[in-house]
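These notes concern the structure reproduced below.
Protein chains get the first letters and strands the later ones, always in sequence-line order, with residue 1 at the start of each. Just so it is clear, the structure is predicted and the values come from calculations on it, not from any experiment.
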Amino acid sequence: MNVRPASDAERVALRDRRLVHRLRRGDTRALQQVYHRYRDDLLAVAMSLLNDRYAAEDCVHDVFVHFAAEPADLRATKNLRGYLLRCVANRAKNQFKRQQLQPVSLGDEQGCAGDGDCPTHRLMASEESTRVFEALAQLPTEQCEVITLHIHGQLTFREIADQLDLSINTIQSRYRYGIEKLRALL
Amino acid sequence: MKSSDEIERIVRRARLEADQTTDQRVLDDASDAMKRACTDSRRVTRLDIWRTIMKNKQTRFAAAAVLAIVILLPLSYGATKLIRRFVAISELPPIEPGFSGLGALSPDGKHFAVVTENNELVVMDTATGEQRKIATGCAGTVVWSADGSEIAVQKRDEGQERPRVAAISSTTGQTRTLSPRPGGIADWSPDGKYLLGVRSRANVPSFRVVVFNVETDERIIVANETAVWPYPTFSPDSRWVSYVARQDGRSVLHVQEIGGSGHVSYTDFPGDISQPLWSPDGGHIIFKGMQRGIDLEFEDLWALRIEGDRFVGTPFPVLPDVQQMEFCNWSRNGQLAYRTGFRLGGIFTLPVDPQTGKAAGAPRKLVRRPGLESFCWSPDGRQIAVRGLDGLSFISADSGEKTRSVSLPQIKGNTGYSGRGMSWSPDGRWIALGGWEGGTRPGLFLTTPDGSEVRLLVALEGNFAVNCDPTWSSDSKTIAYGYQNDIYVVNVGGGEPERVTPPSENQRSKSSNRPVYMPNGKSVAYLAGFEEHFGERLLATTTDGQETRQILSLEGKDFGINVFDLSPDGRYVVFTPGDAEIWCAPTDGGEPFKIADISNVGRNAWAWMPKWSPKGDAIIFNVTCEQYRYWVMDNVLPVR
């Protein structure tokens, strides 16, 4: 009998299913594994959308706490990575909208975004990363979201389309336009 | 400028590095949240599991099957049979607005089609409850094609006077004509070649079963006079038609070959048969069987095996107590669709001030009862006589308690409809009502309140002639009644009826009906109108037909008159517009005013047939309120 070796995607899916199972049983070590496995991607997505290291950190923090508090939500989760990325992206977008509605003064925390010398900062970004995030921040949110989910989140266009309930053509268009703009900005 | 690939690489390299403090904060908070959640979730885990199981039909059935296996497997003898006997019932999501028809389940059981009260054909996904409106102007029974791609229904197109039978695509709503003939359909043969219809004939309170060839429009009369509603259906192989008839006092189940001589009937059921349906494999016919007991009726679901052109064995009971179940169809996937209804209506009483015509209290349900059977006050205002299919019942006007009943076999109709309107003579000697003499000939009858004497006063023609709304003059000597869009009066002591309403050039479009004798006994009030203006005006014409005057006009109002009555002194009209409201209006031209609203009885509640008490201090009226729920049943037939 020929046994087809599992693909990388299948292995990840299997590993995630085990993690989800452990999470639902309240295993905090599983929670740590999930966090360390996906933290960087989640932070990158949040940062891309918010261009604010503190806001990005808070966003990931909130998503993780919510994620840990409602293990029942995980039953329908087939793709843990995609699920977390979608949560972070949604929360970041909502946060971004709220920020846009609020008047911003120079003294606000927003002014510290990207400032590596800020004494209270807990995140360190390289100069290039800062520049990239600033460029991403200049894109329309929809384009930024697709680019960051695809590049940082490593989601396929099909997965993004499914998660955002949009056609794959729309997703590809947004990605293409976004990359074109980044070419001009970087 | 950099290439797209280079841009992607740059973006990919862009990272933030979280420090340990950040990690610790996130993980501490998340761990705390998880512990709290787990503590809470243990409390609801059992309920959660139960909810998950009950979430959809498949898991429910699976859980039931598992339970059955766990319980029954140890019982080695007959375990398999018992498991197979498990009947699964699930409710379909509700359809808004309410339904006007029975509806039908698609052959695969995934969709349910029904005509709503707005005459829209709606298709519902039985799993999600999602509804799609696919056609308008529809009415009556809906039937799915064998492949589930089309739905046959009676449809009236905009601007068209006559409806047609149309096949409507269940996905696109595209329509094609199956038959240009008007009239409802009962079934569509699985091979798509034939339609089944039930037709009535003038002056014959009976029914025909007719098969229409869709291609040639040729008609085949399968049964001529069934005497009862025949509930015809096609067999799954399209060769046979089953129907019910009443012959020699017995209820008979017939199976007739289409265009052939094959025929078989079952005559031995000790009761009344209705709603026969073929099983998807054509091996059984199930039907509702009603059997009379002493002070009790048993209505159960029965099944009779059929092989080719012969019945095998005797009917066996399948489900008990199916009185409230109306069967829609038995789809090819084996699911039996049916509906049950809460009938929340009844006879209500409303106290009123005789001087002002205004309500003196809230409406009160006197007695709960379904349907729209007629009723009237006794002359002393202490009793209410209520019409039933078998005769009359008398209830207390105060408590609603039944005091006695009277059987009237002489005028019992066999079509399940007793006629509209009844009236008790002011001298208390007679009650006038419509009915069928010998069960077949329509007429206006008089009966003594104890049922000891019943006589035909006027012979009428036409099935709907029994809706004659008789009304007594104050001296108890004459009766006015509605008949063929005119008002007539007839002397109780003898003589020919005389028409009261003046002739019209356009007699067909004229409508004068629902008469009420004016208190002076010299003229009759009635609802008058032409075509769409029906329900706008009340006129009163002297019994010699010489003088007509208007006593109420609702022209320009957004409501009309459906049924009305006069106060004993003739100063007020009480009327129902055909919804949940009851209105009153002075007959001297004053503005109408609302006196009651029975919306709180339930959704779609509507009031009708108000009757002012002889003393003028109360109004009784009927309320209809039916709320339906639709169900599907799997594994209908028990293993034998």
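Counting all heavy atoms, side chain and backbone alike, A/Leu31 lies closest to B/Ala30 at CD2-CB, 3.5 Å. Across all their heavy atoms, B/Arg25 and A/Asp58 have their closest contact at NH2-OD1, 3.2 Å.
Heavy-atom contacts from other residues, nucleotides or ligands closer than 6.0 Å to OH of A/Tyr177 number 12 or fewer. More than 12 heavy atoms of other shown residues, nucleotides or ligands fall within 6.0 angstrom of atom CD in B/Glu91. Annotation for A/Arg29: atom CZ does not count as buried by contact number, only 12 or fewer foreign heavy atoms lying within 6.0 Å.
Between B/Ile7 atom CD1 and A/Lys181 atom NZ the span is 14.0 Å, to the nearest 0.5 Å. With rounding to the nearest 0.5 angstrom, the CG atom of B/Asp29 is 12.5 Å from the CZ atom of A/Phe64. From B/Asp28, atom CG reaches atom NE2 of A/His61 across 9.0 Å, with rounding to the nearest 0.5 Å.
With a 4.5 Å cut-off on non-hydrogen atoms, A/His150 does not touch chain B at all.
Annotation: side chain to side chain donor-acceptor pair (under 3.5 Å) contacts of A/Asp41 (sequence neighbours excluded): A/Arg81, B/Arg15. Listed by chain and residue number, nothing satisfies the side chain to side chain donor-acceptor pair (under 3.5 Å) test with A/Arg158 (two or more places apart in sequence, or in another chain).
Residues A/Tyr175 and B/Glu8 form a side-chain contact, since some pair of their non-hydrogen atoms from C-beta on lies under 4.5 Å apart.
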**Prompt:** So A/His36 and B/Asp23, side-chain contact (heavy atoms from CB on, under 4.5 Å) or not? Walk me through it.
**Reply:** CA-CA 9 Å; A/His36 288 298; B/Asp23 289 348; 4.0 Å; yes

